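The block underneath contains the structure these notes are about, expressed in C-alpha coordinates.
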Amino acid sequence: MRGAALRATLWLALTGFLAGAADAAVLRGRVTDVDGKPMAGVKLFVYDSAHVRRPATFISPPSAGDGTTAVRVPPGTYWVVARLKLDESYGPLMPGDKHSGEPAVMDLTADAEIEQDFTVADIRDLGRMRRPMAADLVKLAGRVLDGDGNPVANAFVFASATSDNSRMPDYISAWTGADGRYTLIVPAGHKQYVGSSRRFPPSAWRASAEFVPSPGTADSALDVGLGPD
(Lines give C-alpha, C1' and ligand atoms only; values in the text may rest on other atoms or scores of the structure.)
Protein backbone atom coordinates (compact mmCIF):
# COMPACT_ATOMS: atom_id res chain seq x y z
CA MET A 1 0.00 0.00 0.00
CA ARG A 2 2.85 2.38 0.87
CA GLY A 3 4.46 1.73 -2.52
CA ALA A 4 1.20 2.45 -4.36
CA ALA A 5 0.67 5.65 -2.36
CA LEU A 6 4.22 6.79 -3.06
CA ARG A 7 3.84 6.16 -6.79
CA ALA A 8 0.58 8.11 -6.81
CA THR A 9 2.19 11.01 -4.94
CA LEU A 10 5.16 11.11 -7.32
CA TRP A 11 2.87 10.93 -10.33
CA LEU A 12 0.74 13.83 -9.09
CA ALA A 13 3.84 15.86 -8.32
CA LEU A 14 5.33 15.20 -11.75
CA THR A 15 2.03 15.94 -13.50
CA GLY A 16 1.72 19.21 -11.61
CA PHE A 17 5.27 20.17 -12.50
CA LEU A 18 4.79 19.44 -16.19
CA ALA A 19 1.40 21.13 -16.30
CA GLY A 20 3.03 24.33 -15.11
CA ALA A 21 5.95 24.13 -17.54
CA ALA A 22 5.46 26.55 -20.40
CA ASP A 23 7.57 24.51 -22.78
CA ALA A 24 6.04 21.09 -22.08
CA ALA A 25 5.10 18.92 -25.06
CA VAL A 26 1.94 16.83 -25.23
CA LEU A 27 1.65 13.35 -26.71
CA ARG A 28 -1.90 12.28 -27.44
CA GLY A 29 -2.41 8.62 -28.24
CA ARG A 30 -5.36 6.74 -29.67
CA VAL A 31 -5.24 3.00 -28.96
CA THR A 32 -7.16 0.34 -30.88
CA ASP A 33 -7.11 -3.45 -31.14
CA VAL A 34 -6.30 -5.40 -34.32
CA ASP A 35 -9.92 -4.96 -35.46
CA GLY A 36 -9.73 -1.19 -35.10
CA LYS A 37 -11.88 -1.01 -31.95
CA PRO A 38 -10.89 1.52 -29.25
CA MET A 39 -9.12 0.02 -26.24
CA ALA A 40 -9.67 1.32 -22.70
CA GLY A 41 -7.15 0.96 -19.88
CA VAL A 42 -4.03 1.10 -22.07
CA LYS A 43 -1.06 3.20 -20.90
CA LEU A 44 1.62 4.85 -23.01
CA PHE A 45 5.11 4.02 -21.74
CA VAL A 46 7.50 6.81 -22.75
CA TYR A 47 11.28 6.27 -22.71
CA ASP A 48 14.11 8.74 -23.19
CA SER A 49 16.24 6.17 -25.07
CA ALA A 50 15.78 3.16 -27.33
CA HIS A 51 16.36 0.89 -24.32
CA VAL A 52 12.75 0.06 -23.44
CA ARG A 53 13.27 -3.09 -21.33
CA ARG A 54 13.39 -1.03 -18.14
CA PRO A 55 11.07 1.23 -16.12
CA ALA A 56 9.59 3.97 -18.32
CA THR A 57 10.66 7.60 -18.02
CA PHE A 58 7.01 8.71 -18.16
CA ILE A 59 3.71 6.80 -18.14
CA SER A 60 0.37 8.16 -19.31
CA PRO A 61 -2.95 7.68 -17.50
CA PRO A 62 -5.01 4.70 -18.76
CA SER A 63 -6.83 5.30 -22.04
CA ALA A 64 -10.52 6.18 -21.89
CA GLY A 65 -13.39 4.27 -23.47
CA ASP A 66 -12.69 5.90 -26.82
CA GLY A 67 -9.08 4.69 -26.69
CA THR A 68 -7.55 8.13 -26.11
CA THR A 69 -4.98 9.21 -23.53
CA ALA A 70 -2.37 11.96 -23.23
CA VAL A 71 0.87 12.63 -21.38
CA ARG A 72 2.89 15.82 -20.94
CA VAL A 73 6.67 15.56 -21.17
CA PRO A 74 9.66 17.91 -21.42
CA PRO A 75 10.78 18.54 -25.02
CA GLY A 76 12.99 15.82 -26.43
CA THR A 77 13.14 12.63 -28.46
CA TYR A 78 11.21 9.70 -27.02
CA TRP A 79 10.50 6.03 -27.70
CA VAL A 80 6.85 5.18 -26.99
CA VAL A 81 4.97 1.89 -26.64
CA ALA A 82 1.38 1.19 -25.62
CA ARG A 83 0.72 -1.62 -23.15
CA LEU A 84 -2.30 -3.14 -21.43
CA LYS A 85 -1.29 -5.24 -18.44
CA LEU A 86 -4.00 -7.38 -16.88
CA ASP A 87 -2.48 -7.32 -13.40
CA GLU A 88 -1.81 -3.54 -13.35
CA SER A 89 1.87 -4.17 -12.58
CA TYR A 90 4.84 -2.53 -14.28
CA GLY A 91 6.86 -5.73 -14.79
CA PRO A 92 7.49 -7.85 -17.89
CA LEU A 93 4.64 -8.63 -20.27
CA MET A 94 2.80 -11.82 -19.42
CA PRO A 95 0.45 -14.01 -21.48
CA GLY A 96 -2.80 -12.13 -22.02
CA ASP A 97 -1.18 -8.70 -21.85
CA LYS A 98 -1.42 -6.58 -24.99
CA HIS A 99 1.21 -4.30 -26.48
CA SER A 100 2.01 -2.27 -29.58
CA GLY A 101 5.29 -3.95 -30.50
CA GLU A 102 8.31 -1.92 -31.54
CA PRO A 103 8.45 1.59 -30.01
CA ALA A 104 7.41 4.61 -32.04
CA VAL A 105 10.17 7.23 -32.12
CA MET A 106 8.89 10.78 -31.63
CA ASP A 107 10.57 14.17 -31.61
CA LEU A 108 8.53 16.28 -29.20
CA THR A 109 9.61 19.90 -29.35
CA ALA A 110 8.64 22.71 -27.00
CA ASP A 111 4.92 23.50 -27.01
CA ALA A 112 4.32 20.69 -29.54
CA GLU A 113 1.20 18.55 -29.47
CA ILE A 114 1.47 15.30 -31.40
CA GLU A 115 -1.20 12.68 -32.01
CA GLN A 116 -0.19 9.05 -32.60
CA ASP A 117 -2.21 5.89 -33.25
CA PHE A 118 -1.22 2.64 -31.51
CA THR A 119 -2.50 -0.87 -32.21
CA VAL A 120 -2.16 -3.34 -29.34
CA ALA A 121 -2.38 -7.11 -29.59
CA ASP A 122 -1.64 -10.30 -27.71
CA ILE A 123 0.55 -12.52 -29.89
CA ARG A 124 -1.41 -15.57 -28.72
CA ASP A 125 -4.55 -13.98 -30.17
CA LEU A 126 -2.77 -13.32 -33.46
CA GLY A 127 -1.66 -16.94 -33.57
CA ARG A 128 -5.23 -18.15 -33.06
CA MET A 129 -6.58 -15.71 -35.66
CA ARG A 130 -4.16 -17.05 -38.25
CA ARG A 131 -4.60 -20.71 -37.32
CA PRO A 132 -6.02 -22.71 -40.25
CA MET A 133 -9.35 -24.48 -39.91
CA ALA A 134 -8.21 -27.62 -41.73
CA ALA A 135 -8.35 -30.88 -39.77
CA ASP A 136 -4.81 -31.97 -40.71
CA LEU A 137 -2.69 -29.85 -38.38
CA VAL A 138 0.70 -30.43 -36.83
CA LYS A 139 1.98 -29.11 -33.51
CA LEU A 140 5.57 -27.95 -33.60
CA ALA A 141 7.23 -28.01 -30.19
CA GLY A 142 10.74 -27.40 -29.00
CA ARG A 143 12.99 -24.71 -27.62
CA VAL A 144 14.28 -21.34 -28.75
CA LEU A 145 18.08 -21.37 -28.42
CA ASP A 146 20.71 -18.66 -28.63
CA GLY A 147 24.02 -18.98 -30.48
CA ASP A 148 25.57 -20.88 -27.55
CA GLY A 149 22.72 -23.38 -27.34
CA ASN A 150 21.13 -21.82 -24.25
CA PRO A 151 17.32 -21.55 -23.92
CA VAL A 152 15.90 -18.07 -24.56
CA ALA A 153 13.02 -16.60 -22.53
CA ASN A 154 10.58 -13.92 -23.74
CA ALA A 155 10.87 -14.92 -27.39
CA PHE A 156 8.31 -16.36 -29.80
CA VAL A 157 8.43 -18.66 -32.80
CA PHE A 158 6.84 -17.82 -36.13
CA ALA A 159 6.15 -19.75 -39.32
CA SER A 160 5.25 -18.50 -42.77
CA ALA A 161 4.33 -20.20 -46.01
CA THR A 162 6.50 -17.70 -47.89
CA SER A 163 9.97 -16.28 -47.31
CA ASP A 164 8.66 -12.75 -47.95
CA ASN A 165 9.79 -11.10 -44.72
CA SER A 166 8.17 -7.75 -45.48
CA ARG A 167 4.81 -8.98 -44.16
CA MET A 168 3.64 -10.51 -40.89
CA PRO A 169 4.34 -14.27 -40.58
CA ASP A 170 1.30 -16.53 -40.92
CA TYR A 171 1.58 -18.29 -37.54
CA ILE A 172 2.97 -17.02 -34.24
CA SER A 173 3.47 -18.81 -30.91
CA ALA A 174 3.08 -17.44 -27.39
CA TRP A 175 6.10 -16.10 -25.50
CA THR A 176 8.65 -18.64 -24.28
CA GLY A 177 9.28 -19.16 -20.57
CA ALA A 178 12.62 -19.51 -18.79
CA ASP A 179 13.08 -22.95 -20.37
CA GLY A 180 12.77 -21.49 -23.88
CA ARG A 181 9.97 -23.89 -24.82
CA TYR A 182 7.27 -23.07 -27.37
CA THR A 183 4.40 -24.74 -29.22
CA LEU A 184 3.04 -23.67 -32.59
CA ILE A 185 0.20 -25.13 -34.69
CA VAL A 186 0.77 -25.18 -38.48
CA PRO A 187 -0.90 -26.95 -41.44
CA ALA A 188 0.58 -30.26 -42.56
CA GLY A 189 2.07 -30.90 -45.97
CA HIS A 190 3.19 -27.35 -46.72
CA LYS A 191 6.69 -25.88 -46.44
CA GLN A 192 7.03 -23.43 -43.57
CA TYR A 193 9.78 -20.89 -43.04
CA VAL A 194 10.38 -20.99 -39.29
CA GLY A 195 12.26 -18.55 -37.07
CA SER A 196 12.21 -16.83 -33.72
CA SER A 197 12.45 -13.28 -32.41
CA ARG A 198 12.09 -11.21 -29.25
CA ARG A 199 10.76 -8.24 -31.22
CA PHE A 200 7.04 -7.95 -31.86
CA PRO A 201 5.86 -7.40 -34.47
CA PRO A 202 8.82 -9.02 -36.20
CA SER A 203 10.03 -6.48 -38.76
CA ALA A 204 12.11 -7.81 -41.67
CA TRP A 205 12.26 -11.21 -39.96
CA ARG A 206 14.66 -13.94 -41.01
CA ALA A 207 13.81 -17.64 -40.99
CA SER A 208 16.35 -19.98 -39.41
CA ALA A 209 14.84 -23.23 -40.76
CA GLU A 210 12.65 -24.60 -43.54
CA PHE A 211 10.31 -27.36 -42.45
CA VAL A 212 7.56 -29.44 -44.08
CA PRO A 213 5.22 -30.94 -41.43
CA SER A 214 4.25 -34.45 -42.49
CA PRO A 215 0.52 -35.23 -42.85
CA GLY A 216 -0.72 -37.68 -40.26
CA THR A 217 1.91 -36.60 -37.72
CA ALA A 218 0.35 -34.93 -34.71
CA ASP A 219 3.56 -33.59 -33.17
CA SER A 220 6.95 -32.59 -34.55
CA ALA A 221 10.01 -31.57 -32.53
CA LEU A 222 11.99 -28.59 -33.77
CA ASP A 223 14.45 -26.39 -31.88
CA VAL A 224 14.69 -22.89 -33.35
CA GLY A 225 17.62 -20.50 -33.30
CA LEU A 226 16.94 -16.97 -32.08
CA GLY A 227 16.98 -14.42 -34.86
CA PRO A 228 18.77 -11.05 -34.64
CA ASP A 229 17.32 -8.45 -32.24
Side-chain angles (χ1 to χ4, degrees), residues 31-35 39 42 45 50-54 79 81-87 89-104 118-132 137-188 190-213 218-229:
V31 186
T32 59
D33 63 14
V34 292
D35 296 319
M39 290 286 296
V42 182
F45 288 70
H51 177 41
V52 299
R53 294 178 182 173
R54 60 179 175 87
W79 287 254
V81 294
R83 295 184 181 131
L84 174 64
K85 290 189 64 62
L86 299 180
D87 61 3
S89 72
Y90 293 90
L93 292 168
M94 301 298 291
D97 294 340
K98 298 180 185 294
H99 57 109
S100 59
E102 286 298 288
F118 296 88
T119 300
V120 295
D122 175 358
I123 61 172
R124 299 182 311 165
D125 292 338
L126 289 178
R128 283 194 291 266
M129 288 169 56
R130 295 175 178 271
R131 185 171 298 169
L137 304 176
V138 172
K139 181 176 75 174
L140 298 184
R143 297 178 300 164
V144 176
L145 304 175
D146 63 17
D148 297 322
N150 300 313
V152 179
N154 300 317
F156 61 90
V157 172
F158 57 80
S160 185
T162 172
S163 60
D164 178 8
N165 66 359
S166 64
R167 64 179 183 84
M168 182 74 75
D170 296 317
Y171 312 106
I172 301 176
S173 77
W175 298 110
T176 58
D179 59 1
R181 293 198 172 276
Y182 78 92
T183 59
L184 181 64
I185 305 297
V186 296
H190 301 280
K191 178 188 287 187
Q192 299 292 332
Y193 295 86
V194 182
S196 180
S197 177
R198 284 185 292 204
R199 292 178 177 267
F200 182 81
S203 58
W205 50 266
R206 187 174 68 195
S208 60
E210 297 179 19
F211 184 74
V212 181
D219 301 301
S220 291
L222 181 67
D223 287 344
V224 181
L226 180 68
D229 286 343

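If you're wondering where the values come from, they're calculated on a predicted model, not measured in any experiment. The figures here come from the full heavy-atom set of this structure, side chains too, leaving out hydrogens, waters and symmetry mates.
Residues that satisfy the side-chain contact (heavy atoms from CB on, under 4.5 Å) test with R181, not counting sequence neighbours, are R143, D179. For T176, the side-chain contact (heavy atoms from CB on, under 4.5 Å) partners are V144, A155, Y182, not counting sequence neighbours. Residues satisfying the salt bridge (charged side-chain N to carboxylate O under 4.0 Å, His left out) test with D33, not counting sequence neighbours, are none. Under the side-chain hydrogen bond (donor to acceptor under 3.5 Å, both in side chains) criterion, D148 pairs with no residue at all, not counting sequence neighbours. With sequence neighbours left out, T183 forms a side-chain contact (heavy atoms from CB on, under 4.5 Å) with K139, A141. Residues that satisfy the side-chain contact (heavy atoms from CB on, under 4.5 Å) test with S208, not counting sequence neighbours, are V224.
Annotation for K191 and V212: closest pair CA-CG2, 3.8 Å, computed over non-hydrogen atoms. Contact detail for V186 and A159: the closest heavy-atom pair is CG1-CB, 4.0 Å. Minimum heavy-atom separation, S220 to V138: OG-CG1, 3.6 Å.
Taking 4.5 Å as the limit, every side-chain heavy atom of S197 sits out of range of all side-chain heavy atoms of W205. The closest side-chain heavy-atom distance from Y171 to S160 is not below 4.5 Å. Counting heavy atoms from C-beta on, the side chains of L226 and R198 come closer than 4.5 Å.
The distance from the OG atom of S196 to the CG atom of D146 is 11.0 Å, given to the nearest 0.5 Å. Considering CG of L84 and CG of D97, their distance stands at 7.0 Å, rounded to 0.5 Å. Rounding to the nearest 0.5 angstrom, the gap separating the CD atom in E210 from the CD atom in Q192 is 11.0 Å.
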| query | How far apart are the C-alpha atoms of F211 and L140, what are their side-chain angles, what is the distance that settles it, and do they pass the side chain to side chain contact (heavy atoms under 4.5 Å, CB included) test? | reply | CA-CA 10 Å; F211 184 74; L140 298 184; 3.2 Å; yes

| task | List the steps and the verdict of side chain to side chain contact (heavy atoms under 4.5 Å, CB included) for V194 and L222. | result | CA-CA 10 Å; V194 182; L222 181 67; 4.1 Å; yes

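Using cut-offs of 30° and 60° for the angle between ring planes, the W175 and H99 rings count as tilted.
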